[in-house]
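Contents: one structure, followed by commentary.
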Amino acid sequence: MKGKCNVWILVSFSVLLTTGSLISFMVVLSWIYSYAFSSPSSVIKCYESIANTSSSHLHVQSYVEALNFNVSRDACDVFDGSWVRDDSYSYPLYDADECPFVERGFNCFANGRKDRDYTKWRWKPNDCDIPRFDARGILEQLRGKRVVFVGDSLSRTQWESLICLLMTGVDNKTSVYEVKGNKITRQIRFLGVRFSSFDVRIDFYRSVFLVKPGRGRRFARKRVKTTLKLDKIDDISHEWVDSDVLIFNSGHWWTRTKLFDMGWYFQVGSSLKLGMPINSAFKTALHTWASWVENNINTNRTRVFFRTFESTHWSGHNHNACEVTKKPWNKTNGKDRNPISDMIKSVVKNMNVPATVLHVTPMDAYRSDGHVGTWSDNPSLPDCSHWCLPGVPDMWNEILFSYLLQKDGAGSH
C-alpha cells in the first residue's frame, strides 16, 4: 500500500507540473499573438510614441508613410497641418552648392548664412503623411514628359527647387542641361532644363501677370506709360499648351508700387480703366486665365495647378523691414489669409475643367525663418519675400508630387 501511494503522489505531481507548464505556454503564446496581430491603429500609435521620444522614428517612418500614402484627398486636407522638426539625414534634400541651377541669390549657405536649422523642417498634415521625395522614381514616372512653371520669381524658385531635387536621382550630372545654354537670370523670359537620360523637360516661363502687357494708348494721360490687358492672356501662352504638368502662380506684382507707381494701368477691350482697384483687376485677369485653360488645355492629358500667394514676412511701419528668425513662428500672426489667395481659390473652384489649388499661404505663414534676408547676392537689399534654397519651396514640390502620385491621377478643385 505504501508503494502504491508513493506512485500515486508522483503521478499526480507530474500531471500538475505538466498542466501548469501548458497553461503558462498558452498565456505566453496568447500575448505574442495579440502583439504581433494587433490593429494597425495600435501599431501606428506605438510607432508614433517611439517617434516622439527617440531617433527610432527614422526606422519606422517609411512604414507609417506607407500606411498613410493612399489616404484620399477627400479624407485629408494636405494643407491643414504644422511644421515639424526633422533631423534625419534626408533634410535638406539636396546641397545647393552641387546644383548649378540655383540662383546665387537664393543660395543662403554660399552667401554667409551660418544657421541651417531652417532646412530641417518638414510639413506634416494632420490626417496623413506626404511621401518622401523619391527623385529616381519620379524621374521614371516623368519619362518623356514636360513640366511647365508659369509665373513670377516665386515660380522660378519652385522651378529651381524641383530641378535640384530631381538631380539627386541622376548619376551623370552632365546629362542635365539648360536647353539653350542660358544662365539663370531674373529677367529672362524662358528657361528650360532637360534631363536627357529620362527625356524629361522642366520649363519656366516668366509671366508675372499672366495676362498681356500692352503699350500706353495714344493721347492717354501722361501718367499712363503701359497698360495691362486684363481680357487677353499673355502672348507666350501658346508655349504652355504642350505640357503634361502645368503650374501657375501670380500675385506679387499686383501691388501699387509695381503697377500705378510705375505707370501701369488696366485695360479691358479698348477701354482704359484708370479707377479700377487692383484686386478687381486681378480677379478679371484670373477669369481670363481660367477661360484660356478651359479652351486650350486638354486636362485629360495635362494636370493643372495654381499655387496661392506665398506669405511674405515684411515688418515695420512701411513694411520695409525684414527680420529673419531662427525658428518658424509658432502662430501665423494673420498671414495665413490673403485676398489674392481667396480669389484664386474661388475662381479655380468654379472652373469647368479640373484644376488643383496648391494653397500654400497658411503653411508659409509660419516660416519667418526661411527667407533670404541679407544672405543674397546683394546683402544691402534685405529680402523677406523670396526663400532660401534648399528650403520652403522644396516642400511645395513634395506636395505637388503627392498629388501627381495619386493612383487615380484625377484632377480636383
Side-chain angles (χ1 to χ4, degrees), residues 58 85-123 130-143 145-147 149 153-186 188 190-204 245 247 324 367 369-379 383 386-401:
L58 302 179
R85 176 136 181 138
D86 190 328
D87 287 312
S88 74
Y89 69 92
S90 300
Y91 283 83
L93 296 173
Y94 57 88
D95 184 344
D97 289 333
E98 296 179 1
C99 182
F101 301 98
V102 170
E103 287 180 58
R104 176 60 188 262
F106 298 156
N107 186 352
C108 298
F109 293 166
N111 295 321
R113 185 165 184 174
K114 301 299 182 184
D115 71 285
R116 301 196 175 191
D117 286 354
Y118 68 93
T119 67
K120 294 294 185 179
W121 297 87
R122 64 180 175 87
W123 181 253
I130 297 167
R132 293 286 185 176
F133 194 91
D134 175 9
R136 188 73 179 217
I138 289 172
L139 280 167
E140 288 291 354
Q141 188 195 27
L142 290 176
R143 186 178 288 276
K145 296 183 178 180
R146 181 172 175 248
V147 178
F149 290 89
S153 56
L154 276 300
S155 180
R156 192 176 70 247
T157 308
Q158 186 177 5
W159 173 80
E160 294 174 27
S161 162
L162 179 57
I163 293 168
C164 294
L165 287 166
L166 292 176
M167 282 192 72
T168 63
V170 176
D171 296 326
N172 180 11
K173 308 301 184 187
T174 62
S175 67
V176 183
Y177 55 87
E178 206 285 323
V179 294
K180 293 186 177 181
N182 291 321
K183 292 183 178 180
I184 299 174
T185 65
R186 300 190 178 193
I188 198 164
F190 165 76
L191 289 161
V193 169
R194 184 167 185 263
F195 289 74
S196 58
S197 300
F198 298 88
D199 189 24
V200 171
R201 277 271 298 275
I202 313 293
D203 292 346
F204 165 72
V245 184
I247 308 103
V324 177
R367 296 306 308 273
D369 61 319
H371 288 295
V372 170
T374 58
W375 297 286
S376 71
D377 50 353
N378 187 358
D383 186 347
H386 295 95
W387 307 92
C388 295
L389 290 179
V392 171
D394 304 328
M395 202 70 243
W396 301 344
N397 283 318
E398 289 192 80
I399 292 172
L400 169 67
F401 278 90

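Quantities reported herein were computed from a predicted structural model and do not represent experimental measurements.
Side-chain N or O atoms of T157 include one that pairs as donor or acceptor with a backbone N or O of S153 at under 3.5 Å. Under the 3.5 Å distance criterion, the side-chain polar atoms of D203 are left unmatched by any main-chain donor or acceptor of F190. No donor-acceptor distance shorter than 3.5 angstrom exists from the side chain of S175 to the backbone of S196, with no hydrogens or angles considered. Distance alone, capped at 3.5 Å, is enough to place a donor-acceptor pair between the R143 side chain and the S197 backbone. Panel note: side chain R104, backbone N111; no donor-acceptor pair is recorded below 3.5 Å. Side chain of H371 to backbone of H386: a donor-acceptor contact under 3.5 angstrom is found. One N or O on the side chain of E178 and one on the backbone of G192 form a donor-acceptor pair closer than 3.5 Å.
Contact record, F149 with S155: CB-OG, 3.4 Å, taken as the closest heavy-atom pair. When all heavy atoms of I202 and W159 are compared, the closest pair comes out as O-NE1, 2.8 Å. Considering every non-hydrogen atom in both V102 and C164, the closest pair reads CG2-SG, 3.2 Å. Contact detail for C99 and M167: the closest heavy-atom pair is SG-SD, 4.2 Å. Contact detail for Y118 and P390: the closest heavy-atom pair is CE1-O, 3.5 Å.
Side-chain contact annotation: S161 with N397, donor-acceptor N/O pair under 3.5 Å present. Looking at T174 and N172, their side chains do bring a donor and an acceptor atom within 3.5 Å of each other. Between the side chains of D97 and N107, at least one donor N or O lies within less than 3.5 Å of an accepting N or O.
Side-chain contact between L191 and N182 is present, with at least one heavy-atom pair separated by less than 4.5 Å. Considering only heavy atoms from C-beta on, F109 comes within 4.5 Å of T119 through its side chain. In this structure the side chain of L166 never reaches within 4.5 angstrom of the side chain of F198, judged on heavy atoms. Side-chain contact between K120 and P92: present, with at least one pair of heavy atoms (C-beta onward) separated by less than 4.5 Å. Side-chain contact check for F195 versus L142: every heavy-atom pair is 4.5 Å or farther apart. Counting heavy atoms from C-beta on, the side chains of D369 and D117 never come closer than 4.5 Å. Put simply, the side chain of I130 does not reach to within 4.5 Å of the side chain of R122, judged on heavy atoms. Residues I163 and F204 fail the side-chain proximity criterion, which asks for heavy atoms closer than 4.5 Å.
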Next item on the list: Check the pair D199, R194 against salt bridge (charged side-chain N to carboxylate O under 4.0 Å, His left out), reporting the backbone distance first and the verdict last.
Entry: CA-CA 7 Å; D199 189 24; R194 184 167 185 263; 3.3 Å; yes
Next item on the list: I would like to know whether Y91 and D394 meet side-chain hydrogen bond (donor to acceptor under 3.5 Å, both in side chains); could you show each step before the answer?
Entry: CA-CA 10 Å; Y91 283 83; D394 304 328; over 6 Å; no
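Contact check on E103 versus R156 returns a salt bridge, with a Lys/Arg side-chain nitrogen under 4.0 Å from an Asp/Glu carboxylate oxygen. The residues R136 and D171 are annotated as salt-bridged, a charged nitrogen and a carboxylate oxygen being separated by less than 4.0 angstrom. Comment: R132 does not engage D134 in a salt bridge, judged by the lack of any side-chain N to carboxylate O separation of less than 4.0 angstrom.
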